[in-house]
K.L.:
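To start, I am sharing the structure in question, which I have written as structure tokens.
Atom set for the values below is all heavy atoms of this structure, side chains included, hydrogens, waters and symmetry mates excluded. Each chain gets a letter, A, B and so on, in the order its sequence line appears, and its residues count up from 1.
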Amino acid sequence: MSKLLEVEKLSISFSQYFKGLEQRELKVLSDLTMDVDDHEILAVLGSSGSGKSLLAHAILGILPSNAKIAGSIRYKGKEMDDELKEELRGKKISFIPQSVNNLNPLMKVKDQVIGYTESEEEKQVLVKKQREIFNQYNLSEEVDEMYPFQLSGGMARKVLISTALLNDPEIIIADEPTPGLDEQAVEETINNLVELKEKGIGMILITHDIHTAIETSDRIAILYLGYVIEITDTKNFSGDGKNLLHPYTRSLYRALPETHFELTEGHQPSYQHIPKGCPYHENCPHQVRECHYELPELRELNGTVIRCFNPLVDGE
Amino acid sequence: MDTLKAENVNFGYGSHQILKNLNFEMNNNQVIGLFGDSGSGKSTLCKVLTGFINDYEGNITVNGQKHKGGYNPIQLIYQHPEKVMNPRWKMKDVLEESWMPDDSLLDEFGIKREWFGRYPSELSGGELQRFSILRSLNPKTKFIIADEISTMLDAVTQVQIWESLLTVARKNEVGVLVVSHDKNLLNRICDDIVYLADITD
């Protein structure tokens, strides 16, 4: 049976002007394959500035016009063309954007949560629903009449989540829902997201914050320079991480302050200097010969999807 | 020994008081963590300490001296390195605006010489933050205020950056104030942790 949402071999690149009229191609996502089903949260973990948000924009069909996109995105097995994307977005597929900056500063909260309506009746239905959802999130009637600048970070986050819920979505794409919030607000947001999953929603959680990913998701897809290098069960991020098979994922886990704070040499280059072969080979202590000239394909190994010629399977 | 001291510092935006009677002291052999809720004024304190906000009440001194022009011995490192560099300068110029470190220091931070000819937009966030830190480690620097400098980086880069910064800071006896919302990180790298609520009224 086909999954709720499937992404296959998705690549996104931009051509940008470099010097004068000289153009260059900037690859931000390469050969991305993943899927999400109902009652599931898939976290997409990548460092900041890595173009993770573009994945969300690609699924919603709101990429800028100079983006080149290849590959396939399917909703319940049906190929999503521009028309279907437009039909689904804001309805079956909704989006929780990154920050309060995505709210219109000149519009009252209530009005923008409801959005454009065709008729007075439709509006009344939505007003009622908006009030119900706000009640669930402890947003009082006062909040309805506020402008975005009057909201605290935590309240703004709740307003953004409420907006996404108004049309009973099946899929939610959440883009960096936690940064900039204090501990308590982060915890609340995490609880809210898990609650939505339990109600049946399938969620793609885009984040650079490994803690949020570990605490909310069922599976984590790890990005390195725009390539998915591993998609693994979230529970593998525990103990000494011996079920994490990719050398980068393993060092990422062992570098956390709460695990080992372990030092691994070598740094992630910029997107304009993605190495040939495996994107991680320059820094990889376990590299083999083919890593230098050949890109490993995604494959399945012990229930994990991995892009590596020499994975750490022996628990070493 | 050098001492950084903040005495009876008050600051607010308009009628909104943010720092109320703040008192804080550290020396140049210490790495101190600063922890507080978001919106509690951590970043404001960083700007006050480094002179980016100067209409505060109270005293900020190094060895009893207020900063009066010239190179500031208290240097601030921000969360976003791309916002503190001129996008039209090559990395060599960005670094030399402060000073040119010797080869061993460049190696400690893993900075490749070929990056000198690149513009900030051509480096990754982790690479830029290395420049930003190294730039602040001018020999005239006595204290570094690090405001969430590894928040936007992945965990691997975070370890690398702190390892390099703290090695050099210990060696050159530069005091570091580490501002972060990550308690685990502060526990790993700091000698002592200060709560903002405990040093203000």
K.L.:
Counting only heavy atoms closer than 4.5 Å, note whether A/Q272 contacts chain B via side chain, backbone, both or neither.
P.N.:
side chain
K.L.:
Which one, A/A255, A/P257, A/S251, A/P269, leads in non-hydrogen pairs under 4.5 Å with chain B?
P.N.:
A/P257
K.L.:
How far apart are the closest heavy atoms of B/E127 and A/Q268, and which atoms are they?
P.N.:
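So the two residues come closest at OE2-O, 3.6 Å.
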K.L.:
Has B/R113 got more than 12 heavy atoms of other residues, nucleotides or ligands less than 6.0 Å from its CZ?
P.N.:
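For B/R113, atom CZ is crowded (more than 12 foreign heavy atoms under 6.0 Å).
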K.L.:
Non-hydrogen atoms of chain A under 4.5 Å away: do they reach the side chain of B/Q160, the backbone, both or neither?
P.N.:
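When you check distances to chain A, atoms from both the backbone and side chain of B/Q160 fall under 4.5 Å.
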K.L.:
Pick whichever of A/L263, A/D209, A/T264 has the most heavy-atom pairs under 4.5 Å with chain B.
P.N.:
A/L263
K.L.:
Most heavy-atom pairs under 4.5 angstrom with chain A, which of B/W115, B/Y119, B/W162?
P.N.:
B/W115
K.L.:
Just wondering, more than 12 heavy atoms not from A/E142 lying within 6.0 Å of its CD?
P.N.:
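Open.
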K.L.:
Just wondering, more than 12 heavy atoms not from A/E265 lying within 6.0 Å of its CD?
P.N.:
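Check fails, neighbour count at 12 or below.
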K.L.:
Can you spot which of A/N283, A/L256, A/L252 makes a side chain to side chain contact (heavy atoms under 4.5 Å, CB included) with B/V156?
P.N.:
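Single side chain to side chain contact (heavy atoms under 4.5 Å, CB included) partner of B/V156 among A/N283, A/L256, A/L252: A/L252.
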K.L.:
What are the two closest heavy atoms between A/S270 and B/E122, and how far apart are they?
P.N.:
OG-O, 3.0 Å
K.L.:
Chain A contacts: which residues in residues 180-201 of chain B have a non-hydrogen atom closer than 4.5 Å to it?
P.N.:
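Under the 4.5 Å heavy-atom cut-off, B/D182, B/N184, B/L185, B/R188, B/I189 qualify.
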